[in-house]
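See structure below.
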Protein chains: 2
Amino acid sequence: MAQRQPMMTEDCETTCFGTEQDLACVKEEMIDDQAAASMADWFKAFSDPTRIRIVSALLQRELCVHDLTVLLDMGQSAVSHQLRSLRNMRIVKRRKQGKTVFYSLDDAHIEQIFLQTLQHIGHE
Amino acid sequence: MAQRQPMMTEDCETTCFGTEQDLACVKEEMIDDQAAASMADWFKAFSDPTRIRIVSALLQRELCVHDLTVLLDMGQSAVSHQLRSLRNMRIVKRRKQGKTVFYSLDDAHIEQIFLQTLQHIGHE
DNA sequence: CTAACATATGAGCAATCATTCATATGTTCA
DNA sequence: TGAACATATGAATGATTGCTCATATGTTAG
């Protein structure tokens, strides 16, 4: 625990390869905290099976909430909650028509990201 | 709550656009549950700022655990725990050299995914 | 062998999350 | 207006997560 302080000075040049300068250089190129948080949030939006399935359905066409509950075989409230977070992340948008609310994708890149990831997962 | 049963039969053709057949067709094309879970897990691996920062550092070069703790300004245990989950997801691999363990990326696609996402987040 | 070091890991804890339940809002139809 | 419907939302709850603390494992030097 108290080994952190002495490490910074000299040891690092001997134990790990690279000098302090090299480390500083890596730090310079690293993503900043805010960007890291944004990026994590973006991935987090897709980090749940229910949301993945919703996006997968909406990739095919616009759908109302009820149809999504049927497709996902889930309660209306659960679907609605997830749609809200997808909406907050600007992944999904809504269109109201009478009593019904239709949801569709709000981001042109999603299909590409989706297919790319599917392919990546595919060969495992 | 009890409105789900009657919905399935006729209402859907009137309230939401599309017939039951159309819905069945969407369901057919939807991602299956297992693939949805895999995909969610993959995204989950990148859904935390600490892991994003680790990957960001490793994108530049191989690094030992200690150097990562310095770069991230975090406790050794926290970094080690996150490295383990990245390792379990095959995002990161390790190479042992004496006392030191060096980590590096284990997936060629990560840089592409990373840059693509950064670009996506960028214009907001 | 022992001491110092580098990393890994299990338990505990606070925070976040996904779902359910109950209810609210808003729309259409009679 | 009132009833039925479609969706949204707040509270409660169980599960998961990310971190800390303490300690274990493994390595090297003396």
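Lettering of chains follows the sequences in order, A, B, ..., and the numbering in each one begins at 1.
Side chain A:Gln76 to base D:dA8: a donor-acceptor pair is found below 3.5 Å.
Between B:Lys96 and the phosphate of D:dT27, there is a side-chain N or O to OP1/OP2 separation shorter than 4.0 Å. One finds a side-chain N or O of B:Tyr103 lying less than 4.0 angstrom from the OP1 or OP2 phosphate oxygen of C:dA8. In this model, the phosphate group of C:dT7 is not approached by any side-chain N or O of B:Arg94 to a distance below 4.0 Å at OP1 or OP2.
What separates CD1 of B:Ile54 from P of C:dT7 is a distance of 13 Å, to the nearest Å. Rounded to an integer number of Å, the gap from A:Ile52 CD1 to C:dC17 P is 16 Å. For the pair A:Leu68 CG and D:dA8 C1', the computed distance is 15 Å after rounding to whole Å. For B:Leu63 and C:dA6, the CG to C1' distance is 15 Å, given to the nearest whole Å. Atoms NE2 (B:His66) and C1' (C:dA8) sit 16 Å apart, rounded to a whole Å. A straight line from CG of A:Leu72 to P of C:dT20 spans 12 Å, rounded to a whole angstrom. Atom CD in B:Gln97 sits roughly 15 Å away from atom C1' in D:dG26 (whole-Å rounding). With rounding to whole Å, A:Asp73 atom CG is found 19 Å from C:dA18 atom P.
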Give me the distances for all protein-to-nucleotides 17-20 of chain D N/O pairs that come in under 3.5 Å?
{"from": "D:dG18", "atom 1": "OP1", "to": "B:Arg51", "atom 2": "NH1", "distance (Å)": "3.4"}
{"from": "D:dG18", "atom 1": "OP1", "to": "B:Arg51", "atom 2": "NH2", "distance (Å)": "3.1"}
{"from": "D:dG18", "atom 1": "OP2", "to": "B:Arg51", "atom 2": "NH1", "distance (Å)": "3.1"}
{"from": "D:dC19", "atom 1": "OP1", "to": "B:Thr50", "atom 2": "OG1", "distance (Å)": "2.8"}
{"from": "D:dC19", "atom 1": "OP2", "to": "B:Gln82", "atom 2": "NE2", "distance (Å)": "2.6"}
{"from": "D:dT20", "atom 1": "O4", "to": "B:His81", "atom 2": "NE2", "distance (Å)": "3.3"}

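Here A:Arg53 pairs with B:Asp33 in a salt bridge; the nearest charged N to carboxylate O distance falls below 4.0 Å.
A search for side-chain hydrogen bond (donor to acceptor under 3.5 Å, both in side chains) contacts involving A:Arg95 returns A:Glu62, A:Gln97, not counting sequence neighbours. Partners of A:Asn88 by side-chain hydrogen bond (donor to acceptor under 3.5 Å, both in side chains), not counting sequence neighbours: none found.
The nucleotide whose nearest atom lies closest to any side-chain atom of B:Arg84 is, among C:dA8, C:dT9, D:dA8, C:dT9. Comparing C:dT9, D:dC5, D:dT27 against the side chain of B:Lys99 picks out D:dT27 as the nearest.
When atom types are taken as modelled, the side chain of A:Ser47 and the backbone of A:Lys44 share a donor-acceptor pair closer than 3.5 angstrom. Checked by atom type and distance alone, the side chain of A:Arg51 pairs as donor or acceptor with a backbone atom of A:Ala45 at under 3.5 Å. Not a single donor-acceptor pair under 3.5 Å links the side chain of A:Ser80 to the backbone N or O of A:Ser77.
Taking the six-membered ring where tryptophan is involved, the planes of A:His120 and B:His109 are perpendicular, since the angle between them exceeds 60° and thus also 30°.
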